[in-house]
Amino acid sequence: MANQVEIARRLGLSQRSVSAALAGKSDVSEATRRRVREVAEKIGYRPNAAARAMVSQRTRNIGVVVWAQGGSPISLHETELVSGVHDVLEPSGYTTCLIQMGDVERTGDGIRRVFNEQMLDGMLICCGLQKQIRERIGEMTDK
C-alpha cells in the first residue's frame with residue numbers, strides 16, 4: 001500500500017520523519033527529503049486529503065456561493081468571479097467549491113452536509129442574498 005508508513009518501512013525511518021520530509025520541513029536533511037520523494041514516487045504515494053483534514057482540522061476548501069439556481073447556467077460575470085477567486089486561492093493550496101443559490105434554498109438535500117460536516121473552511125458569498133437566504137445559511141453552520 002502506498003502510504004507514509006510503507007515509505008518509512010522501506011527507508012528505516014519513522015513515519016514522523018517521512019511526514020516532515022514530504023511536507024518540506026526544515027528539520028529534515030535535503031538528502032532524506034530526496035530519498036523519501038524517490039521512494040514515494042516509486043511506490044505511487046499520493047497524499048490523502050481526508051487524513052490531512054483530520055490532523056489539521058482544515059479542509060482547504062472554500063465555498064463560493066453564486067446566484068444561479070440549480071440547473072440554470074452561471075452568468076459570465078459569475079464565471080469570471082469564481083475563476084478569479086480560484087486563481088487567488090489555488091496557489092495557497094485551497095480548492096474552490098461552487099454552491100448555487102438554488103442548492104441553499106432547497107431543503108433536505110446534500111447541501112446541508114456541506115455545512116453540518118464542516119466540509120468548508122470558509123465561504124465567499126458572491127450575490128445579493130435575500131435576508132432569508134442569509135438566515136438559512138446561518139442555520140446550517142455555526143461559523
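Under the rule for a salt bridge (Lys or Arg N to Asp or Glu O under 4.0 Å), the partners of Glu30 that lie at least two apart in sequence or sit in another chain are Arg33, Arg37. Checked against side chain to side chain donor-acceptor pair (under 3.5 Å), Ser19 has no partners two or more places apart in sequence or in another chain.
The closest side-chain heavy-atom distance from Tyr45 to Leu22 is below 4.5 Å. Side-chain contact between Leu120 and Ile62: absent, with no pair of heavy atoms (C-beta onward) separated by less than 4.5 Å. Counting heavy atoms from C-beta on, the side chains of Val64 and Glu78 never come closer than 4.5 Å. In this structure, the side chains of Arg34 and Glu38 come closer than 4.5 Å at one or more pairs of heavy atoms. The shortest distance between side-chain heavy atoms of Val36 and Ile7 falls below 4.5 Å.
Met119 and Met123 fall within a single hydrophobic cluster, where Ile, Leu, Val, Met, Phe, Trp and Tyr are joined by side-chain heavy atoms under 4.5 Å apart, directly or via other members. Under a hydrophobic-cluster definition in which Ile, Leu, Val, Met, Phe, Trp and Tyr are linked whenever side-chain heavy atoms come within less than 4.5 Å, directly or via other members, Leu98 and Leu89 are assigned to the same cluster.
When all heavy atoms of Leu11 and Arg35 are compared, the closest pair comes out as O-NH2, 3.4 Å. Pairing each heavy atom of Arg60 with each of Gly93, the nearest pair is NE-O, 3.4 Å. Across all non-hydrogen atoms, the minimal contact from Arg10 to Val39 is CD-CG1, 3.9 Å.
Sorted by first and then second residue, the side-chain hydrogen bond (donor to acceptor under 3.5 Å, both in side chains) pairs involving residues 89-98 (not counting sequence neighbours) are Arg58-Tyr94.
The distance from atom NZ of Lys25 to atom OG of Ser17, rounded to the nearest 0.5 Å, is 11.5 Å. Ser83 contributes atom OG, which lies 10.5 Å from atom CG of Leu76 (distance to the nearest 0.5 angstrom).
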Handout entry: Audit row: Asp121, Asn61, side-chain contact (heavy atoms from CB on, under 4.5 Å) steps and yes/no
Key = CA-CA 6 Å; Asp121 287 341; Asn61 293 324; 6.0 Å; no

Exercise for the section: List the steps and the verdict of salt bridge (Lys or Arg N to Asp or Glu O under 4.0 Å) for Arg9 and Glu6. Expected result: CA-CA 5 Å; Arg9 186 189 66 73; Glu6 176 62 16; 2.7 Å; yes

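With Val18 as the partner, the side-chain contact (heavy atoms from CB on, under 4.5 Å) test is satisfied by one option alone out of Val28, Leu13, Asn3: Leu13.
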